[in-house]
Amino acid sequence: MSRFRDLALKEMGLTPLWVPRQAAAALPEVSHAVLPLAEVLPVPAALVAAPLAQRRQSVPHLPLHLLTHDALRDAVAACTQCGLCDSRRQTVFGSGPLPVPWMFVGDGPGEGDEDEGRPFTGVPGRLLDNMLAELDLRRGRDVYVSNAVKCRTPGTGRPEASSVLACRDWLMREIALVQPRLIVALGAVAAQLLLDTDAPVGSLRGQVHRRVFDGRAVDIVVTWHPAYVLRKLSEKARSWDDLCLARELLSGTSVAQTLPV
Ligand code: URA
Ligand code: SF4
């Protein structure tokens with residue numbers, strides 16, 4: 001471990017750090033394909049019920065499914081589909097190589113992320129980077145990181161259901177462009193959106209879910225949001241278990257084959 005990382009983790013109270021378990025034998029039991037396959041991710045019922053009065057239209061120049069990554073970023077930057085466009089200084093789009101097997105999805109950008117125009121720039125992002133480093137993964141090189149919602153939510157920072165719904169299509173197109181084999185859902189907002197459920201993270205983590213995006217099967221592993229882990233350090237071991245599960249999936253052979261459509 002580098003001295004810098006050691007110090008950073010110590011500062012966050014996260015040492016002793018994630019101790020990799022001995023390969024698959026120590027992984028939690030996995031139940032595969034928990035959820036039925038759905039060709040098109042349905043809109044979660046909880047979100048459909050959300051108030052949409054403030055939803056406004058902003059139509060990209062091309063149909064969504066034709067947008068390249070750059071065009072999608074531009075369309076998001078001009079988006080006024082929910083009230084968050086009024087308070088944002090800039091949108092925060094996902095970042096990382098394309099295509100790439102690993103994708104992480106958080107809930108939405110914070111203030112610092114908005115300043116920098118990149119997701120997860122703050123302390124939770126440092127924790128995420130450190131956990132990735134333990135898996136020999138680096139942001140910008142090996143993983144694509146994004147959020148369910150692309151504009152900062154003032155106040156508590158947790159996006160409202162109406163914004164998650166309004167922003168959903170952007171994420172769906174982003175997933176189609178990233179072509180991940182596996183998505184790690186960081187926290188309840190991403191997990192519930194991607195899995196079409198209102199179940200809590202505690203009941204979704206520790207197993208493998210599978211969904212179909214744009215005709216491709218993608219495994220989804222749910223884990224605690226890094227900001228939650230920082231508040232509740234007793235959960236860090238479970239968080240690490242989830243990432244080990246994700247790593248096992250990607251190093252195995254049975255993950256995310258392209259399904260016939
Ligand atoms: N920053 C992000 O980009 N996403 C989160 O979910 C939290 C902080
Ligand atoms: Fe558009 Fe998403 Fe920003 Fe709402 S949060 S204005 S839907 S980009």
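For ligands, and for the atoms within them, numbers begin at 1 and follow the listed sequence. Index from 1, following the sequence.
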Does the distance from a Lys or Arg side-chain N to an Asp or Glu carboxylate O, for [X] and [Y], drop under 4.0 Å?
X: R73; Y: D70; result: yes
X: R205; Y: E235; result: no
X: D115; Y: R89; result: yes
X: R158; Y: D107; result: no

What's the shortest distance from [atom] to any protein heavy atom, and which residue and atom give it?
atom: atom 4 (Fe) of ligand 2; result: C82 SG, 2.4 Å
atom: atom 1 (N) of ligand 1; result: D113 OD2, 2.6 Å
atom: atom 4 (N) of ligand 1; result: N147 OD1, 2.8 Å
atom: atom 1 (Fe) of ligand 2; result: C79 SG, 2.2 Å

Close-contact set for ligand 2 against [X] heavy atoms, below 4.0 Å:
X: A166; answer: 7 (S)
X: R88; answer: 3 (Fe), 6 (S)
X: C85; answer: 6 (S)

For the side chain of E114 and the backbone of C151, is there at least one donor-acceptor N/O pair under 3.5 Å apart?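 A pair under 3.5 Å: no.
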Does R173 use its side chain to pair, donor to acceptor, with the backbone of H65 at less than 3.5 Å?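 At least one qualifying donor-acceptor pair exists.
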Is the closest N or O pair between G106 and ligand 1 shorter than 3.5 Å?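 Not met; the criterion fails.
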Mark up the atoms of ligand 1 that fall under 4.0 Å of a heavy atom belonging to H225, in ascending order.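 It comes down to these atoms of ligand 1: 5 (C), 6 (O), 7 (C).
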Please could you name the atoms of ligand 1 that P119 approaches to less than 4.0 Å, counting only its heavy atoms?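 Contacts of ligand 1 toward P119, numbered from 1: 3 (O).
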Has C151 got an N, O or S atom lying less than 2.8 Å from atom 3 (Fe) of ligand 2?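 C151 does place an N, O or S atom closer than 2.8 Å to atom 3 (Fe) of ligand 2.
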